[in-house]
Each structure stands twice: as C-alpha cells, then as structure tokens.
Amino acid sequence: MDLLRVLELYSGIGGMHYALKESSVSAEVVAAVDVNTTANEIYKHNFTNTPLLPKTIEGMTLQDFDKLNFDMILMSPPCQPFTRIGLQGDVTDPRTKSFLYILDLLPRLSKCPQFVLLENVKGFETSAARDALLNTLRQCDYSFQEFLFSPTHLGIPNSRLRYFLIARRPPGCFSFQTSAEIMEGFPRPVSSESSDNPAVPNNHPTPSDSESKSSGPIIFKLETAQELERKRNQDSQETVRRLQEFLREDDDMDQYLLPPKTLLRYALLMDIVQPSSRRSVCFTKGYGHYVEGTGSVLQSCVDVDLESVFKSLELLSDEDKLMQLLRLKLRYFTPREIANLMGFPEDFTFPEHISVKQQYRVLGNSLNIHVVSNLIQLMMS
Ligand SMILES: C[S@@+](CC[C@H](N)C(=O)[O-])C[C@H]1O[C@@H](n2cnc3c(N)ncnc32)[C@H](O)[C@@H]1O
C-alpha cells in the first residue's frame with residue numbers, strides 16, 4: 001500500500017509527527033513547515049530525514065503546495081489570537097494571517113487532501129477563524145467533528161484542555177455519527193450506537209480542567225474549601241495515573257529547585273503537587289521563568305505536611321517563612337518530565353546547546369501526543 005502523504009504545518013518540535021508515528025498509520029511526512037529557528041533545530045535533530053521548510057506558510061505559493069501532493073494536513077496554528085488571557089484579536093491578529101491564507105488556498109488546490117486535523121486552544125471554538133474554517137470545509141465537501149479534550153481524559157495526570165477538529169472528505173466516511181455539538185469524549189462506532197447521543201462517556205472520569213478561582217473563605221495558601229476539595233477529588237481518581245510514573249531525575253537536580261526569592265514572592269500562588277498526585281496544571285511556555293499559572297511545581301520532600309507549612313506562614317518574618325518553605329524542597333518539573341507527560345517518546349531529545357528555558361518554551365507550545373494519536377486513528381477508522 002502507498003504511504004499516506006502528510007503535510008505538517010506549524011510543525012514546531014514535531015508533536016504532530018510523533019502523534020502520527022504513534023497512531024501506526026502508514027504515512028510519511030512529506031514536508032514540515034515552521035519559521036521558528038529553535039523549534040526547527042529541534043525538529044531536524046529528531047527527524048533528520050523529513051524535509052523541513054524553514055519559512056512562513058504565506059511565503060509558499062499554490063504551486064509549492066500542489067507539488068507536495070499531500071493527502072493529509074496536520075496543523076496547530078498560533079493560539080495567542082484566541083486565548084482567554086490574550087487580547088483575542090482573532091482574525092484581525094496578524095498571527096492568524098497564515099491560517100486564513102491556508103483556508104483561501106484549500107479550495108484552489110489541484111487535489112484537496114482527504115484528511116485534516118487541527119489543534120488549538122479552548123476559545124478557538126467561539127472565534128471567527130473557526131467559522132471561516134467550517135465554511136471552507138463545507139465548501140470543499142468535508143465531514144468534520146470538533147472536540148474539547150484534555151490528556152486527563154486518557155488517564156494522564158496533566159490538564160491541557162484543547163480544541164481539536166478532524167475532517168475527512170470522500171472517498172470513505174467517518175466510522176462514527178458526527179454531531180454539531182463539540183464532543184468531550186470519544187464517539188462510539190456507528191454499529192454499537194444505542195442512544196441518540198453519539199458521544200461515549202469518558203472511560204476515565206475527568207478531573208475538572210477549570211483552574212478558575214472560586215469565592216469563599218481561604219483555608220490555607222489562598223485556596224478556598226471548594227478548591228481544595230476539587231484537588232482532593234482529582235487525586236482520588238484511580239483511573240488517572242500518578243505523577244511519579246512520569247518523573248525522571250537529571251544529574252543536576254539542584255538547578256530545578258525554586259530559588260528563595262521566588263519562594264518568598266510566589267509561594268501562595270503556586271500550584272503544588274506531590275509525586276503521588278494524579279493531577280498537574282497545564283505547562284505553558286513561560287514555565288520555569290514565570291511562576292503563576294504556567295504549570296505545577298513538585299514537592300520533592302514528601303515527609304513534610306503542606307498544610308502545616310502554609311497554615312500561619314503570613315505571620316512569620318521573611319527569614320522564618322523561607323525556612324518553612326525550604327522544608328518542602330519545591331522544584332520545577334524537568335523538561336524531560338514535561339515531555340513524558342505530553343507523550344514524547346524516550347528517543348525524543350534536545351540538541352545539547354538548547355537551554356532549559358528554550359526547552360520549556362517549545363514544549364509549552366506543543367501538544368499532547370497521545371490525544372492527537374487517538375484522534376488520527378479516529379479520523380482514519
Ligand atoms: C502552537 S505552535 C505549534 C507547535 C507544534 N505543533 C509542536 O508540536 O511543537 C505554532 C508554531 O507555528 C509557527 N508559526 C507561526 N506563524 C507561522 C507562519 N506564518 N508560518 C510558519 N510557521 C509559523 C511558530 O513558530 C510555532 O512553532
């Protein structure tokens with residue numbers, strides 16, 4: 001059988017390529033396109049034989065695309081125009097330009113690819129860019145399904161709620177009943193459907209991905225009873241694996257310990273987890289640099305009770321505060337540990353000169369490989 005020809009747009013460090021490999025679909029990436037020099041270096045280091053085009057997507061002509069003669073597009077366009085914390089420039093944001101360019105090209109290709117998979121942030125589903133995407137797909141005769149999905153749905157102790165769309169056009173059709181609703185679980189195959197609701201309830205109970213603060217009296221560490229209860233609930237979900245399965249200590253672990261200045265300034269705002277926890281918050285590109293909202297930190301000294309450290313911390317002098325906090329031995333997750341949580345295989349490595357900060361940055365921009373691999377299989381089954 002001929003290999004399926006895949007075009008990987010916004011390829012970054014190759015999350016889509018790894019997902020394709022994991023899906024076991026007989027395919028080859030005929031071109032990967034990205035403008036980021038660091039990401040491209042890492043991509044090339046791991047996929048030496050894949051043609052990598054270090055250019056902007058809008059710098060490629062219709063003829064360039066036609067020559068690649070691809071059957072599938074895998075893409076994760078820049079998400080800043082759609083994030084809740086961003087300005088939500090949507091289609092007016094210059095970073096959406098290349099995506100709109102792809103939508104303009106798609107109907108004009110001499111051969112429309114049979115499959116399209118897109119990943120973006122939660123928030124994309126309410127954007128004008130998404131409306132433009134659906135219009136183009138309809139115009140080109142695609143069937144499609146949208147999803148909001150987090151690795152926690154697959155039993156992975158990391159929240160990374162993302163929007164996904166899978167699309168396919170004839171010949172062939174999806175093996176499940178599509179729905180106009182955004183699915184939050186995997187659909188069941190058409191043959192085993194027994195109700196009007198095509199989406200299968202998640203195999204794994206889903207710890208909430210909402211990290212939003214709730215109101216109410218603070219119990220400790222600026223957290224309310226409701227927030228503490230939510231975290232305890234997440235930790236009791238036995239179908240979700242424990243973080244310790246993903247931890248991998250480096251030779252030089254001291255570099256990951258949180259420095260005193262950071263501890264004193266941000267201790268109350270950090271999301272702290274233990275190796276036995278079954279949860280962690282989404283790791284973003286600012287991890288290891290900014291503390292608030294960029295990812296969880298790990299309490300490596302587990303004999304110390306977290307609550308006892310935080311209970312009356314505010315009443316202490318800075319010196320005593322620091323003494324208390326240091327007992328927890330709080331550290332950042334290493335890039336390898338984050339890569340493990342995101343499903344990168346053992347053979348994925350960084351070139352030696354790529355700094356830890358750069359590693360966090362590119363990983364924060366990437367995606368969960370197991371989630372995408374499952375969606376590729378679903379799209380093609
Ligand atoms: C969300 S990240 C995708 C990450 C990728 N899926 C991965 O696994 O690393 C978006 C990527 O798009 C690239 N990018 C942004 N605008 C681009 C453009 N106009 N042309 C080509 N690449 C672009 C960025 O450099 C970045 O690597």
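In this text, all values refer to a predicted model and were calculated from it rather than measured experimentally. Just so you know, ligand 1 is whichever comes first in the structure, and atom 1 is the first atom listed for that ligand.
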Return yes when atom CG of N49 has more than 12 non-hydrogen atoms of other residues, nucleotides or ligands closer than 6.0 Å, and no otherwise. no
Within 6.0 angstrom of K329 NZ, more than 12 heavy atoms from elsewhere: no
Check each atom of ligand 1 against the heavy atoms of L367 and keep those under 4.0 Å away; list them by number with element. 6 (N)
For the pair Q237 (side chain) and R278 (backbone), establish whether a donor and an acceptor sit closer than 3.5 Å, ignoring hydrogens and angles. no
How close does the nearest protein non-hydrogen atom get to atom 22 (N) of ligand 1, and which residue and atom is it? V35 N, 3.4 Å
Would you say ligand 1 has an N or O under 3.5 Å from any N or O of P78? no
What do the steps show when you test H153 against E184 for side-chain hydrogen bond (donor to acceptor under 3.5 Å, both in side chains), and what is the final call? CA-CA 9 Å; H153 291 91; E184 298 191 19; 5.5 Å; no
Other residues, nucleotides, ligands: >12 heavy atoms within 6.0 Å of E28 CD: yes
Quick check on contacts: which atoms of ligand 1 are under 4.0 angstrom from a heavy atom of T56? 20 (N), 21 (C)
Assess the residue pair K55 and D34 against the criterion (salt bridge (charged side-chain N to carboxylate O under 4.0 Å, His left out)); give the C-alpha distance rounded to whole Å, side-chain angles, the decisive distance to 0.1 Å, and a yes or no. CA-CA 6 Å; K55 49 164 83 174; D34 202 295; over 6 Å; no
To the nearest 0.5 Å, what is the distance between CE on M380 and OG on S24? 11.5 Å
Only heavy atoms of G15, strictly under 4.0 Å: list the atoms of ligand 1 that pass. 7 (C), 8 (O)
Distance under 4.0 Å to a non-hydrogen atom of S98: what atoms of ligand 1 satisfy this? 19 (N)
Give the intermediate values and the outcome of salt bridge (charged side-chain N to carboxylate O under 4.0 Å, His left out) for residues D66 and K111. CA-CA 7 Å; D66 270 337; K111 183 191 94 183; over 6 Å; no
Take Y332 and Y256 through the test ring-ring contact (aromatic ring centres under 6.0 Å, His included) and record every step on the way to the result. CA-CA 5 Å; Y332 292 110; Y256 298 106; 8.0 Å; no
Heavy atom of S11, distance to ligand 1 below 4.0 Å: yes
Heavy atom to atom 4 (C) of ligand 1, shortest distance: which of N365, V362, I13 holds it? N365
Measure the distance from atom 11 (C) of ligand 1 to every protein heavy atom, then report the residue, atom name and distance (to 0.1 Å) of the closest one. D34 OD2, 3.5 Å
Verify whether one side chain among N340 and R336 offers a donor that lies under 3.5 Å from an acceptor in the other. yes
With atoms numbered from 1 as shown, which atoms in ligand 1 lie under 4.0 angstrom from a non-hydrogen atom of E58? 18 (C), 19 (N)
Element-labelled atoms of ligand 1 that are located less than 4.0 Å from some non-hydrogen atom of S366: 7 (C), 8 (O), 9 (O)
So for K55, does at least one of its heavy atoms come nearer than 4.0 angstrom to any atom of ligand 1? yes
Among Y43, Y10, F99, Y18, the residue with a heavy atom nearest to atom 12 (O) of ligand 1 is Y10
For ligand 1, the portion of S76 having any non-hydrogen atom under 4.0 Å away: both
Atoms in ligand 1 flagged as close to N36, the criterion being non-hydrogen separation under 4.0 Å: 25 (O)
Among all protein heavy atoms, pick out the one at the shortest distance from atom 20 (N) of ligand 1; state its residue, atom name and that distance to 0.1 Å. I57 N, 3.0 Å
